[in-house]
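Take a look at the structure set out below.
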Amino acid sequence: MKRLRWLLVAYWFGVFLILRLAEAQSQEGFISLDCGLPINEPPYIESETGIQFSSDDNFIQSGKTGRIPKNLELENLKQYATLRYFPDGIRNCYDLRVEEGRNYLIRATFFYGNFDGLNVSPEFDMHIGPNKWTTIDMAIVPDGTVKEIIHIPKSNSLQICLVKTGATTPMISALELRPLASDTYIARSGSLKYYFRMYLSNASVLLRYPKDVYDRSWIPYLQPEWTQISTTANVSNKNHYDPPQASLKQAAIPTNLDAPLTMVWSLENPDDQIYFYLHFSEIQVLKANETREFDFVLNGETINTGVISPKYLEITTRLTTNPRQCKGGICRMQLIKTQRSTLPPLLNAFEVYSVLQLPQSPTTESEVVAIKNIKSTYRLSRITWQGDPCAPKQFLWDGLNCSITDDISSPPRIISLNLSSSGLSGTIVSDFQNLTHLESLDLSNNTLSGMVPEFLASMKSLLVINLSRNNLSGSIPQALRDRERKGLKLYVLGNKYLCLSNTCNKPKKNFPVTIVAPVASIATIVVVMILLLVFKKKMSSSMECLYNLVESRTIIYISLYIYIHEFDLPAGNKSEPWIQTKKKRFTYSEVMEMTKNLQRPLGEGGFGIVYHGDLNGSEQVAVKLLSQTSAQGYKEFKAEVELLLRVHHINLVSLVGYCDEQDHFALIYEYMSNGDLHQHLSGKHGGSVLNWGTRLQIAIEAALGLEYLHTGCKPAMVHRDVKSTNILLDEEFKAKIADFGLSRSFQVGGDQSQVSTVVAGTLGYLDPEYYLTSELSEKSDVYSFGILLLEIVTNQRVIDQTRENPNIAEWVSFVITKGDTSQIVDPKLNGNYDTRSVWKALEVAMSCANPSSAKRPTMSQVIINLKECLASENARISRNQNMESSHSSVELNVTVTFDTDNVKPIAR
Ligand SMILES: *[C@@H]1O[C@H](CO)[C@@H](O)[C@H](O)[C@H]1NC(C)=O
Ligand SMILES: *[C@@H]1O[C@H](CO)[C@@H](O)[C@H](O)[C@H]1NC(C)=O
Ligand SMILES: *[C@@H]1O[C@H](CO)[C@@H](O)[C@H](O)[C@H]1NC(C)=O
Ligand SMILES: *[C@@H]1O[C@H](CO)[C@@H](O)[C@H](O)[C@H]1NC(C)=O
Ligand SMILES: *[C@@H]1O[C@H](CO)[C@@H](O)[C@H](O)[C@H]1NC(C)=O
Ligand SMILES: *[C@@H]1O[C@H](CO)[C@@H](O)[C@H](O)[C@H]1NC(C)=O
Ligand SMILES: *[C@@H]1O[C@H](CO)[C@@H](O)[C@H](O)[C@H]1NC(C)=O
Ligand SMILES: *[C@@H]1O[C@H](CO)[C@@H](O)[C@H](O)[C@H]1NC(C)=O
């Protein structure tokens with residue numbers, strides 16, 4: 001029956017008008033992704049259904065955006081104008097947040113439209129989690145294909161994957177999820193693939209949302225030997241299935257009143273197991289001597305659903321609770337009137353699904369959550385790290401191995417993880433311990449820092465751990481040592497700050513001990529010892545920073561060296577190198593060479609201009625050249641070198657080397673390719689607008705840097721010049737604080753704060769209390785950070801004389817008290833943020849910017865609060881399309897697929 005198939009294909013693409021209903025209906029829980037819609041394009045309302053579509057960008061890590069030629073675009077179906085295609089990788093997956101155990105209708109639409117100009121119809125597979133769903137062959141249905149399935153996710157995340165199976169490139173136009181009522185469409189096992197869903201009418205209108213609250217699509221269908229009857233009265237459609245009322249207002253009866261109502265079609269696969277859902281409503285007024293009664297017969301067998309006798313203007317739904325097979329793959333569905341019935345059978349609407357078995361169990365959920373967290377913590381962007389980590393076997397994630405038993409219904413476990421040489425930095429996060437069946441863990445050759453976590457010892461299955469070649473510090477936990485004695489293989493070589501001897505398990509309180517001090521030569525140590533003796537009294541003020549037991553001897557040496565020179569240095573006139581360190585010392589000519597004679601200035605830092613440089617043609621650097629005339633500058637220069645040598649933190653810009661030759665002083669830093677935060681906020685840097693989540697991440701990272709200065713260093717350090725131009729961003733937008741020229745350390749205890757003679761800082765960010773009292777404390781940085789945070793939220797100038805309140809903090813509190821809050825948040829964010837998250841950040845900012853330093857929080861408190869902001873923003877993003885489901889949750893086991901190209905009814 002060609003017509004039917006044509007209908008199925010065509011209606012999606014605009015042949016039928018979808019009747020619009022003005023009444024607004026809830027789209028709660030709907031996920032409607034317009035694949036390939038650029039991320040910066042706001043969500044839009046599709047004109048035919050009123051459904052809001054948005055970009056799929058947040059739900060997939062790979063793929064490229066395609067656009068079909070204008071002349072092939074389908075009017076009113078904007079969601080098919082763009083698409084996402086996947087030239088890279090074999091399996092590419094959407095990762096959607098869903099409600100575990102809830103029944104979802106999942107619909108994927110593919111419209112090729114020769115977007116790539118190649119005119120080659122793609123052919124590929126779709127997977128749902130670790131199981132195959134269907135094959136898409138666009139050569140069979142060049143106009144476009146819709147696939148639909150009713151499926152109950154087994155966890156809160158659902159992976160829909162496109163899998164390359166040949167030479168052509170997979171692509172997708174739209175992906176939609178619709179939560180269904182809880183006790184509907186239940187299959188005994190597996191999920192339900194769509195065969196067809198029809199209402200019997202000669203109309204040419206497709207029924208969809210909002211007429212169908214679940215956004216199922218009902219296709220009008222009428223066979224020539226049938227007669228249509230209809231009513232203008234309202235029909236109650238209220239049962240769990242809730243088909244559109246319009247689908248019940250019409251019905252088909254056989255034109256020959258004594259004949260059965262018969263439909264015949266062939267199955268795609270003769271062994272398919274079929275579920276039927278039939279919806280009836282009596283729409284004729286029966287006279288007293290009339291009855292309408294009939295049986296549901298499939299291939300000659302009466303289906304034991306009881307005699308059907310629809311009630312007047314009320315829905316009756318009959319379904320098969322067990323799946324049925326159609327002999328020989330030909331289904332002959334009949335409604336046959338009973339002996340006593342005076343009227344022919346009638347049918348209003350019906351649905352047919354086949355069972356899709358999903359035998360492979362997904363990987364244990366807690367392990368999936370853990371490995372996903374590891375992936376996001378370390379920003380791993382491997383193309384294979386999509387979809388289920390372990391299954392199917394051929395798509396195992398790179399670096400992973402799993403136990404997959406022959407019983408594929410038992411969930412696979414991750415048994416080995418190899419992230420060697422993968423650019424991991426930061427600490428070893430606790431998510432690793434949730435990989436409870438891990439036997440081998442290789443994290444070698446990265447830049448992991450922090451301690452070797454104790455939890456490794458409690459991972460019972462572990463046999464091998466390789467932590468070699470990282471920046472781990474501290475000592476090895478005793479429990480892990482004990483495991484080692486019982487056979488665990490632990491490799492930790494090449495962590496120069498890691499203490500390997502047993503004596504270092506209890507570090508002495510005040511004096512850092514390092515076993516490995518590759519840089520400090522014997523000579524240095526001798527000098528240190530002498531200096532220590534000479535300056536014993538001053539030792540209390542010698543400096544150290546936590547986790548930076550690093551080259552502690554060198555540091556002390558330098559500190560003291562600098563200390564000496566505080567008194568006798570003819571500023572700006574030192575010929576002798578005063579920095580003894582492993583950091584490379586460069587000559588002035590080398591500096592000129594690396595900057596190509598100061599060819600490319602990057603900007604102006606405190607007391608000098610910063611140039612772009614190139615180290616051995618490989619490493620990019622930023623070179624700050626101290627202006628030669630500045631006597632004051634020399635002091636700042638020294639201060640900065642001193643500080644940068646003491647501190648070592650991922651959120652502080654690190655020093656690569658320095659130059660101090662005659663009158664020439666230069667500092668060579670790591671190059672931060674994305675410039676400073678101010679450029680990004682002001683739009684000077686170009687590129688896309690920093691979204692709210694990124695801004696929060698940057699704020700948190702800057703706050704971590706400050707927290708380290710305040711609490712990780714003894715004596716504490718105050719940066720004194722926190723501002724958006726001093727927050728630099730590397731290529732991954734990781735934030736680092738720069739420009740320590742004004743930084744000061746001060747003693748904690750005794751006098752809590754230090755009176756400094758010169759108040760320094762930048763107008764607008766400068767702590768008013770510090771300004772008035774000249775008393776320096778870390779709370780001054782907190783103030784400046786508050787201003788920075790206000791800048792991040794509002795993107796307003798910190799001081800703007802054209803504002804009623806030039807100072808940003810006053811302006812914000814003024815606007816808030818006026819109750820006019822809409823204008824506070826940066827309009828460039830386009831409303832794309834979690835309101836609670838933004839307001840909380842504002843609250844944090846305002847408390848930091850409190851005029852009274854005593855009332856300001858510490859940076860540690862700030863970090864906790866900002867992390868909450870980020871969490872609620874992240875929750876919004878994952879919820880984004882999920883739109884908070886308020887429908888009662890459900891426990892079902894069903895799935896349906898919508899296979900337009902499968903439907904091949906044949907002439908009866
Ligand atoms: C559909 O059927 C009804 C009644 O049988 C008839 O009045 C109407 O004209 C038909 N509509 C179309 C479009 O054929
Ligand atoms: C059907 O119901 C709607 C409201 O639900 C009402 O406005 C309309 O008048 C009803 N039509 C008939 C024929 O009863
Ligand atoms: C039912 O009764 C009507 C009169 O009310 C009569 O015209 C009709 O023939 C009867 N139908 C049957 C099947 O008996
Ligand atoms: C991970 O492990 C920790 C401690 O064993 C546990 O509290 C937490 O719930 C686990 N997380 C998941 C997602 O299972
Ligand atoms: C994965 O583990 C299995 C045993 O469970 C082993 O046979 C296979 O070689 C391992 N694969 C890799 C890549 O290590
Ligand atoms: C991890 O992978 C690297 C290569 O990427 C390999 O050299 C190393 O042996 C692997 N480690 C383990 C434990 O298999
Ligand atoms: C360590 O990683 C670097 C790149 O990150 C790589 O060039 C080097 O070969 C790796 N070394 C080993 C021993 O795997
Ligand atoms: C541990 O990792 C390092 C660096 O990748 C490597 O050189 C070494 O061979 C590994 N050791 C073992 C036992 O795998």
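In listed order, ligands and their atoms are each counted from 1.
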_Is the ring pair Tyr833/Trp692 parallel, tilted or perpendicular, if the boundaries are 30 and 60 degrees?_
perpendicular
*Backbone or side chain, does any N or O of Asn434 fall under 3.5 Å from an N or O of ligand 4?*
yes
*Tell me, do Leu488 and Leu480 make a side-chain contact under 4.5 Å, heavy atoms counted?*
yes
_Contact summary for Leu866 and Leu696, nearest pair of heavy atoms_ = CD2-CD2, 4.2 Å
*Does the pair Lys840/Glu868 count as a salt bridge with the N-to-O cut at 4.0 Å?*
yes
Could you list each N/O atom of ligand 8 together with any protein N/O atom closer than 3.5 Å, one pair per line with the distance?
from     : atom 1 : to     : atom 2 : distance (Å)
ligand 8 : 2 (O)  : Ser444 : OG     : 2.9
ligand 8 : 2 (O)  : Asn466 : OD1    : 3.2
ligand 8 : 2 (O)  : Asn466 : ND2    : 2.4
ligand 8 : 5 (O)  : Ser444 : OG     : 2.9
ligand 8 : 11 (N) : Asn466 : ND2    : 2.8
ligand 8 : 14 (O) : Asn466 : ND2    : 3.3

*Do Glu484 and Arg481 sit within salt-bridge range, that is, some charged N less than 4.0 Å from a carboxylate O?*
yes
*Applying side chain to side chain donor-acceptor pair (under 3.5 Å), run through Ser32 and Arg178 and close with a yes or a no.*
CA-CA 9 Å; Ser32 314; Arg178 311 285 179 240; 3.0 Å; yes
_With a 4.5 Å cut-off on side-chain heavy atoms, are Arg84 and Asp57 touching?_
yes
*Near Ser366, which atoms of ligand 4 are under 4.0 Å from a heavy atom of that residue?*
14 (O)
